[in-house]
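Here the structure is laid out as structure tokens; the discussion comes afterwards.
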Amino acid sequence: MQGEQRMEEQKRVDRVMRLIREQLGKLLQSSSGMREDIVDIRKNFWDDVTLNFEDSAEAAESAASLKQQAEVLAEREHSHRHAEQQVKLLRKLEQSPYFGRVDFIEESSTENEQIYLGIGSMLDETGSNYLIYDWRAPVSSLYYDYSPGPAEYVTPTGNIKGDMTLKRQYVIRRGNIVSMFDTGVTIGDELLQEVLGKQSDAQMKSIVGTIQREQNQIIRNERARLLVVQGAAGSGKTSAALQRVAYLLYRYRGTLQPDQIVLFSPNSMFNSYVATVLPELGEQNMQQTTYQQYLEHRIGQSFALEDPFAQMEYTLGAMDDPSYETRIASIRHKSGAAFMKVIERYVESLGESGLLFKAIKFRGRKLVSAEAIEQHFYSLNKSYTVPNRMKMVADWLLKELTRLSKVERKKQWVEDEMELLDKEAYIHVYNELRRKEGSSSESFDEFDREKDMLASMIVQERFKRLRSRVKKLRFVDTQTLYRRLYENEQALWLEEVHLAEWEDIRKLTVEQLYRGELTYEDATPYLYMKDLIEGFQMNTSVRHLFIDEAQDYSPFQFHYLKRVFPMAKMTALGDLNQSIFAHAALGNGFDPLGDLYNKEETETIVLTRSYRSTKQIVEFTSSMIEGGSRIVPFNRNGDEPTITAAANVEELQARVAERIRTLQGEGAQSIAVICKTAAESLAAFEALAGVCPGIRLVEKETVTFENGTVVIPSYLAKGVEFDAVILYNASRSVYGKESERKLFYTACTRAMHELHLFYTSEPSPFLSHAFSTQK
């Protein structure tokens with residue numbers, strides 16, 4: 001768009017840029033002054049406070065003086081933080097003040113309002129008119145949801161209807177309009193082409209300038225208790241989720257804090273990949289964790305806990321293990337919501353009998369036996385729940401420890417330790433006695449009282465750990481109780497288990513538990529049993545729970561998370577075509593999520609358009625999966641994927657190395673050599689490291705995502721994208737089972753611009769469509 005319109009638009013940009021720089025200069029100056037004030041107040045804090053505690057009136061005046069000085073400091077610090085946030089926003093606006101414009105006439109008005117959108121709001125010189133609206137403001141939804149014509153947007157006070165007369169997009173760099181064009185309902189192909197045609201980055205970027213209508217529905221959804229987003233690979237699920245977090249923090253500013261939002265991501269490396277998106281939008285990051293980290297936090301040192309990637313390595317590479325089929329059946333059974341009923345019936349039976357306790361021991365002696373704890377538990381009113389009775393037992397034990405501590409003071413070991421105390425301990429006790437007596441005069445039994453106080457101090461210190469363990473209910477033997485769940489062959493709680501493999505599952509699980517091992521599929525059932533006995537450790541402060549790669553979570557895990565975060569709305573994002581874990585064979589997709597909330601509280605949004613990869617890569621990969629024809633590629637052209645045969649492994653390695661060097665020479669910033677497993681990744685890395693300098697191996701312990709050339713297992717590449725992907729060995733011998741189809745698809749869909757597959761002997765059957773097309 002050239003001529004007079006462009007000149008007018010550039011004049012406006014110039015005006016906005018001038019105001020940004022003026023405001024930035026003023027803010028930097030005032031911020032510097034505030035910083036000096038804060039340093040000065042902190043340095044002279046006590047000099048400016050009057051302290052006098054001679055009588056109650058003076059003490060009250062001192063307290064008031066102290067409070068006043070603290071309030072002055074707090075106010076200065078708050079103002080400085082606000083100024084710093086404004087500086088950050090203005091610096092971002094200085095790079096690109098806005099990206100969109102809509103002209104809108106309200107129904108009851110004749111005025112054509114020009115609404116410009118950017119990553120933050122900005123007022124004019126008078127402070128009464130918006131030059132830029134924050135992309136999250138209610139009026140901004142016009143830009144994302146409508147084309148010119150009748151339009152409306154929702155505000156807290158109701159719907160505003162009217163007519164959109166113009167929708168325009170900009171690419172502005174350092175105060176200059178690089179490109180400008182009018183567009184229809186979707187964000188124009190020109191802008192998307194520019195964004196998507198770039199090379200990948202080490203960190204995910206904000207997409208506020210290119211949000212599509214269906215993504216905007218995800219971002220601004222405030223109704224659903226459960227929002228399920230089923231999206232094709234590269235459809236922008238995670239990007240939309242992160243913009244949704246930014247929108248919620250903006251919409252509920254003042255009532256919703258970043259630490260009240262939790263994102264469960266697929267792995268630690270992914271956390272670093274998305275870590276800059278919210279700060280880029282001027283928001284603090286929400287809490288980020290993985291489900292495995294949550295399990296480790298809760299289970300601690302109780303067991304040697306398997307992680308999901310170790311389970312994946314087993315399911316992909318241990319087919320020769322005699323227990324393989326039993327383990328697969330065990331994974332599927334323990335992942336279903338029906339197994340929750342088994343746990344519930346088991347704990348219900350424990351309310352009548354069978355609970356196991358650990359004795360309270362001290363210095364090698366039993367202070368309270370396990371039998372005494374059991375007897376006390378079952379003497380309590382059985383109408384109370386098991387967790388309530390556990391709390392009552394803990395209270396009883398704390399009283400017992402208080403009683404026993406008095407007996408313990410008279411033991412010889414206390415006197416022995418007393419002799420080893422330093423001078424400070426004696427002085428402390430002496431001063432405490434003086435304070436309690438209110439007199440400095442000595443009495444004939446002073447020595448005995450000092451001795452009693454020292455003995456009490458020593459025993460109290462040694463009993464601290466016992467009291468802490470009692471408060472944490474460590475006297476309950478949950479490890480053995482979980483094993484007992486499987487040891488009893490004819491138990492009532494197993495009446496609903498009708499599996500042909502159950503006997504083998506039972507024996508295998510008992511063997512693992514006796515070794516102190518807790519498999520990944522057993523971790524959630526164990527925690528569920530533990531919480532049903534001890535009481536749920538619920539987090540009621542979290543208001544929003546985001547679960548990325550939701551297809552990798554079992555129904556049991558979803559139900560458990562709902563119990564742990566009872567006040568949270570849940571956003572589950574996933575792609576059923578990337579279901580690569582063994583429990584995914586349960587089928588039914590996201591259907592089990594329908595049991596979490598009422599139908600009225602649940603909404604599902606399906607994203608079928610793929611933006612990550614070129615049209616050629618999307619068409620190539622979608623042919624591998626059922627329903628792939630429904631995936632719509634974004635119209636960005638590139639090279640066709642290549643499939644290369646090698647005579648043997650040595651030739652394959654040489655050809656892969658040659659392709660890496662070619663890609664590096666062409667300027668690819670991120671290249672992934674994707675292998676099926678960690679074992680194959682290590683072998684590939686060792687073969688390539690000598691001929692491809694700088695190549696790195698990504699392992700499950702890797703916590704930072706960086707550009708460059710990496711060798712990575714397929715399941716760790718999920719959620720991440722690369723300029724070019726090399727599928728290391730696409731042979732039938734590696735990817736031959738039907739259960740591996742989705743893993744193969746997942747690996748291929750990581751590619752943005754180029755995809756290259758290599759194989760020896762015979763190619764994977766998942767490539768049959770590609771070969772038939774070539775012929």
If only side-chain N and O atoms count, and only distance matters, is there a donor-acceptor pair under 3.5 Å linking [Y] with [X]?
X	Y	value
N159	E152	yes
H753	R612	no
S579	D552	no
T571	R244	yes
Y252	E222	yes
Q5	E9	no

Side chains of [X] and [Y], heavy atoms from C-beta outward: is any pair under 4.5 Å?
X	Y	answer
E603	R223	yes
Y98	L117	no
V171	I177	no
E754	V725	no
R174	E94	no
E214	I218	no
Y144	R213	no
V154	S141	no

Main chain of [Y], side chain of [X]: is a donor-acceptor contact present, judged purely on distance under 3.5 Å?
X	Y	answer
R136	Y133	no
S96	I172	yes
S239	G236	no
N598	E601	no
Q23	I20	no
E549	G574	no
Q551	D575	yes
N707	S670	no
K569	H544	no
K562	M570	no

Please verify the inter-ring angle class for [X] with [Y]; under 30° counts as parallel, over 60° as perpendicular, anything in between as tilted.
X	Y	value
F264	Y294	perpendicular
Y291	Y553	perpendicular
Y528	F556	perpendicular

Ring pair (Phe, Tyr, Trp, His ring centres under 6.0 Å) partners of Y250, counting only residues at least two apart:
none
Kindly write out the residues that satisfy ring pair (Phe, Tyr, Trp, His ring centres under 6.0 Å) with F104, not counting sequence neighbours, or none if the list is empty.
Y153
Determine, stepwise, if the pair E283 / R253 fulfils salt bridge (Lys or Arg N to Asp or Glu O under 4.0 Å).
CA-CA 11 Å; E283 301 289 354; R253 192 171 297 283; 2.6 Å; yes
What's the shortest heavy-atom distance between [X] and [Y], and which atoms?
X	Y	value
V13	G175	CG1-O, 3.4 Å
F722	A717	CE1-CB, 4.4 Å
A151	L142	CB-CD2, 3.7 Å
S714	A747	CB-CB, 4.4 Å
S541	N539	OG-OD1, 2.8 Å
P258	Q284	CG-CB, 3.7 Å

Taking [X] first and then [Y], would you say they form a salt bridge - that is, a charged N and a carboxylate O separated by under 4.0 Å?
X	Y	value
R750	E721	no
K161	E106	no
D548	K237	no
R12	D14	no

Going through the distances and angles, do I211 and I219 end up as a side chain to side chain contact (heavy atoms under 4.5 Å, CB included)?
CA-CA 9 Å; I211 292 168; I219 292 166; 3.6 Å; yes
For S140 and D134: C-alpha separation, side-chain torsions, deciding distance, then whether side chain to side chain donor-acceptor pair (under 3.5 Å) applies.
CA-CA 7 Å; S140 301; D134 192 297; over 6 Å; no
Test log, rule side chain to side chain contact (heavy atoms under 4.5 Å, CB included), inputs V618 and K615
CA-CA 5 Å; V618 172; K615 186 170 184 276; 5.9 Å; no
Apply the test salt bridge (Lys or Arg N to Asp or Glu O under 4.0 Å) to residues D103 and R168: give CA-CA distance (whole Å), side-chain angles for both, the deciding distance (0.1 Å), then the verdict.
CA-CA 9 Å; D103 291 4; R168 183 169 289 171; over 6 Å; no
Over 12 foreign heavy atoms within 6.0 Å of CD, Q257:
yes
Assess whether atom CZ of F536 is packed by more than 12 heavy atoms of other residues, nucleotides or ligands within 6.0 Å.
yes
Stacked cation flag R225 on Y597, 6.0 angstrom / 45 deg:
no
Axial cation check for Y143 ring with K167, 6.0 Å and 45° limits
yes
Looking at [atom1] of [X] and [atom2] of [Y], how far apart are the two atoms once the value is rounded to the nearest 0.5 Å?
X	Y	atom1	atom2	value
T604	L227	OG1	CG	8.0 Å
N577	T621	CG	OG1	9.5 Å
M180	Q10	CE	CD	9.5 Å
D259	R543	CG	CZ	11.0 Å
Q288	M286	CD	CE	4.0 Å

Picking from E8, E22, E125, what satisfies salt bridge (Lys or Arg N to Asp or Glu O under 4.0 Å) with R15?
E125
Between I261 and L249, is a side chain to side chain contact (heavy atoms under 4.5 Å, CB included) present by the stated rule, with each step listed?
CA-CA 9 Å; I261 303 174; L249 290 170; 3.9 Å; yes
Side chains of residues 626-633: which donor-acceptor partners sit under 3.5 Å, not counting sequence neighbours?
none

Let's go through H559 and M340 carefully: what are the C-alpha distance in whole Å and the side-chain angles of both, what is the deciding distance for side chain to side chain contact (heavy atoms under 4.5 Å, CB included) to 0.1 Å, and is it a yes or a no?
CA-CA 9 Å; H559 280 270; M340 295 181 74; 3.4 Å; yes
